[in-house]
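Nothing here was measured: the structure is a model prediction, and the numbers come from that model. In each ligand, atom 1 is the first atom listed, and ligand 1 is the first ligand listed.
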Amino acid sequence: MADPIALPALHASHAGTWLREPGAPAGGGTRALSKGEAVMAAADTPLLILNAPLVASRLGYPDLSGLDLLELFAFVHPARFCVPTPKGLADALGLDEPIGDGDVPLLLQRAAGALIQTCESGEWREREGAWSTLQSLARLRWPWAGVLAPAIRRPEQAEKWLFTRLPEWEETPERPQPGQVLIEEFEVEGRLERLTGEGAERRDGQFDYTRSAGRIFAPRAKDKRPHVLLAQAGTGIGKTLGYLAPASLWAERSGGTVWVSTYTKNLQRQLRQESTRAWPEARPDGTKPVVVRKGRENYLCLLNLEDALQGGFGGRAAILAQLVARWAAYSRDGDMIGGDLPGWLGTLFRKRGIAALTDQRGECVYAGCPHYRKCFIERAARASAQADLVIANHALVMVNAARGRDHAQRPTRIVFDEGHHVFDAADSTFAAALTGAEAIELRRWIVGPERASRGRRRGLSARLADVASYDEAGGMAIEAAVHAAQSLPSDGWLGRLAEAMPDGPIEMLLAQIRATTYARDESGGVDAGYGIETEAAQLPGELVEAAGHAEQALAAIRVPLIRLAGRLEAVMEDAPDWLDAPGRARIEGARHSLAWRIDLLAAWEALLGRMGGPADPEFVDWLAVDRGDAREFDVGLHRHWLDPMKPFARVVLEPAHGVMLTSATLTDRDDSGPDWPSAIARSGTPHLELQPQTALADSPFDYATRAEVLIITDIRKGDIPALAGAYARLIEASDGGVLGLFTAIRRMRAVVSRIADRLARAGLPLYAQHVDPIDTGTLTDIFRDDPRASLMGTDALRDGVDVPGRSLRLVVMESVPWPRPTILHRARRAAAAGQSGEEPGGAQRYDDRIIRARLAQAFGRLIRSREDAGHFVVLSPAFPTRLLSAFPPGTPVIRLTLEEALQRVQKGIGSDANIRDHDEERQES
Ligand code: SF4
């Protein structure tokens with residue numbers, strides 16, 4: 001084992017603060033100290049710490065800096081996974097895990113020693129590039145540079161620069177249309193048997209499911225009439241292999257591509273793993289049969305990185321850029337969000353450094369970029385065109401279907417797993433928002449850099465300079481668009497709105513929207529610091545007038561853009577000699593991005609055109625001021641489809657040949673069983689007058705003996721001290737392993753601040769979304785890694801946490817998850833009530849469906865495998881009985897006091913005492 005490094009180390013948790021001086025004897029030398037002393041010590045000398053922002057928040061001292069072990073880890077082992085906790089670091093480095101907080105400083109010294117020893121060893125796998133990066137980091141005064149310098153020897157040959165090291169992608173021929181093949185049921189079954197492996201237990205539910213899935217791959221009989229299957233499969237059916245079996249068979253026979261779309265990154269990860277049973281890692285020609293594809297804003301843009309490395313980023317952000325460059329050389333696919341870049345790396349550097357290194361704003365210059373042939377995004381796009389299986393997410397599949405660059409690459413065989421989220425994904429994909437933040441993005445895309453802005457941002461004129469000088473009409477169109485775009489908001493627009501000094505027609509409109517929204521708000525959101533909104537109805541004359549001016553201003557931008565698109569097409573058709581293949585690709589790229597902006601402007605104009613006029617029954621429009629922690633961050637107009645599955649049906653379903661929506665919670669369930677009519681209505685198929693096939697496979701898990709729902713009857717709503725006390729006691733009773741779900745961030749913060757210290761002193765770490773400076777994916781990794789940890793969070797955790805085993809044994813919901821009473825919700829609820837005609841209670845049924853779906857998703861976190869067991873607690877005395885059908889049939893539901901619940905939780909599921917109690921209760925009832 002490496003010697004501990006001779007530097008002082010500091011650790012702070014909710015339970016206290018500990019410091020260890022260098023060179024202290026092995027069995028001692030660590031002392032507890034006050035937060036004040038710790039801050040003074042950190043100001044005196046650089047201390048070893050783990051996760052500086054987290055330690056800073058524990059000490060209440062935001063300016064803390066030091067020698068962060070996580071930064072060192074990212075440098076020494078780029079693209080390697082590490083849970084950013086003392087235990088996680090110890091596991092990643094093969095060191096002994098610390099038993100208590102007091103052991104952590106010594107662990108930090110040992111970990112630093114081990115990492116430095118790695119740098120000195122001849123077997124360091126990630127040595128290439130380290131010396132050169134270290135020289136740059138030393139110039140940036142990275143605290144670790146001086147410590148590392150003696151350990152990293154200068155290489156004999158000069159190291160290659162990242163941009164020369166990365167491999168180039170190959171241009172590939174277009175894939176022919178898939179063959180029309182029919183796969184028989186027995187073949188699908190045979191494939192499933194092969195995938196599940198010899199000797200695997202045969203599950204009839206899975207076989208029924210796989211046969212149903214196979215039917216969507218049959219040849220389509222009529223144009224615009226895809227095969228659509230809605231398949232509900234309870235947890236544990238093995239649905240992933242259930243659809244991968246026919247998908248792999250069809251892809252093999254037809255030479256086509258199947259897209260599997262997910263909502264969460266967890267499932268993407270799982271799919272990547274499971275697909276290895278059906279496909280090899282690479283084909284004999286080196287291409288990949290399975291590709292994970294994400295939106296371009298997920299990937300590192302090499303041009304942005306180059307700019308950041310060459311002075312575009314300053315201070316700490318420049319250090320981040322160097323560490324990202326280290327990672328890029330070792331990354332599997334350049335995916336920065338949920339790929340192999342540690343999720344915690346960005347949060348160590350606070351500002352939006354990671355986002356600035358991706359291509360967020362569609363500024364890509366395609367073949368005009370010097371790194372085009374090495375670009376991660378281009379590589380992923382090409383790889384997916386050749387793949388048998390593309391693993392993507394709902395939003396990307398929809399965007400690709402709507403405006404994919406290449407028609408041949410649009411998805412036609414699609415499995416939407418986590419299909420209960422398709423409605424929400426369609427809702428945001430097909431929505432329009434004319435807000436200040438969106439409008440300023442458009443201005444930057446057209447105009448380019450203004451004043452002293454840093455970075456490589458380039459406007460239309462710079463991106464298409466060669467076209468402008470060759471084609472006069474094209475040049476004039478660019479000039480006209482740049483001129484017209486001056487009417488869009490510019491930097492400082494939010495401040496000008498607050499001071500009632502808007503500049504230009506769009507800012508004037510935003511000022512009117514802001515004033516009207518504040519004037520009408522009755523939600524209490526102003527005082528609470530939340531966002532506020534109001535209907536786009538009965539609008540004041542000034543706002544309607546401002547909307548008219550704004551509409552004209554937007555049309556004045558759109559017209560020259562359309563002209564420019566026409567000129568680009570003409571240049572392509574009658575290409576000049578100098579236009580080589582990369583030049584053509586760049587113009588193609590520009591045409592694609594132009595079409596997207598022209599559509600956006602048209603959607604904004606349509607939205608403005610209806611202000612003051614009659615409402616369009618297809619849409620719900622509203623005005624909003626977005627706020628967080630009482631600070632405004634955006635203002636604007638919003639338009640959502642009343643039924644977003646209408647555009648989904650036209651854009652995604654209609655051109656497809658086979659589509660499957662599958663989930664454990666696809667249908668609502670009331671006392672009479674699964675509600676297929678509402679699931680079908682939400683699938684979009686009625687818009688094509690199509691009757692989908694349906695399939696149902698119940699979970700094989702024995703919920704009656706593996707889970708209990710406990711409804712606590714003695715915690716009053718709104719009593720925060722009682723709520724906090726209940727959470728603390730439940731966490732203590734189950735000895736951690738609790739997922740706490742809240743419907744309001746404010747309540748969650750209030751609860752966490754009351755109980756975190758008490759739990760930490762008992763050795764029960766508590767982490768919370770929106771409280772700890774850690775991204776949600778990393779929080780989940782931390783929770784999964786430590787069976788005594790508990791995690792508190794809101795919506796994203798209800799459906800995004802997949803933690804089988806002991807780490808999650810109790811889910812606690814603070815209340816019934818009622819839908820938020822937004823304008824959009826009200827409109828959909830009213831529409832649902834209207835559709836139910838004479839039948840009373842349509843609006844309530846609509847709400848009940850939403851709540852039951854949320855409860856079912858939250859409950860679904862608890863039992864992930866046959867061996868899992870646990871309690872699901874709702875801290876709400878007013879839990880309506882009609883919602884209980886959300887839980888799987890057979891799950892015991894017990895209403896009881898907190899005291900009684902604590903006893904049950906402490907005894908654990910499956911204990912003899914609990915089974916006896918439960919049997920007695922059943923007999924009594
Ligand atoms: S091709 Fe586009 S996305 Fe790729 S590195 Fe260049 S500018 Fe960035």
Quiz item: Which of the atoms in ligand 1, numbered in the order shown and given with their element, are less than 4.0 Å from a heavy-atom of Ile377?
Solution: 3 (S)

Quiz item: Could Arg80 and Phe73 be counted as a cation-pi pair, given that NZ or CZ must be under 6.0 Å from the ring centre and within 45° of the axis?
Solution: no

Quiz prompt | Those atoms of ligand 1 less than 4.0 Å from some heavy atom in Arg296 | solution = 3 (S)

Quiz item: For ligand 1, which atoms, with element, lie under 4.0 Å from some heavy atom of Leu303?
Solution: 5 (S), 7 (S)

Quiz item: So, His371 and atom 4 (Fe) of ligand 1: N/O/S under 2.8 Å, yes or no?
Solution: no

Practice problem: Assess the pair Trp142 and Phe75: is the distance between their ring centroids shorter than 6.0 Å? | Solution: yes

Quiz item: What atoms in ligand 1 come closer than 4.0 Å to a heavy atom of Cys375?
Solution: 1 (S), 3 (S), 4 (Fe), 5 (S)

Self-check item: Passing candidate, salt bridge (charged side-chain N to carboxylate O under 4.0 Å, His left out) with Asp333, options Arg272, Lys294, Arg379
Solution: Arg272

Exercise. Flag the pair Leu637 / Thr435 as yes when at least one side-chain heavy-atom distance between them is below 4.5 Å, and no otherwise.
Key: no

Listing, residues 560-571 side-chain donor-acceptor contacts under 3.5 Å, not counting sequence neighbours, or none:
from   : atom 1 : to     : atom 2 : distance (Å)
Arg567 : NE     : Asp471 : OD1    : 3.3
Arg567 : NE     : Asp471 : OD2    : 2.9
Arg567 : NH2    : Asp471 : OD1    : 2.6

Quiz item: Taking the six-membered ring for Trp, are His371 and Phe163 parallel (under 30°), tilted (30 to 60°) or perpendicular (over 60°)?
Solution: parallel

Quiz item: If you count the atoms of ligand 1 from 1 in the order shown, which ones are under 4.0 Å from a heavy atom of Cys301?
Solution: 3 (S), 5 (S), 7 (S), 8 (Fe)

Quiz item: Would you say Lys374 contacts ligand 1, with heavy atoms under 4.0 Å as the rule?
Solution: no

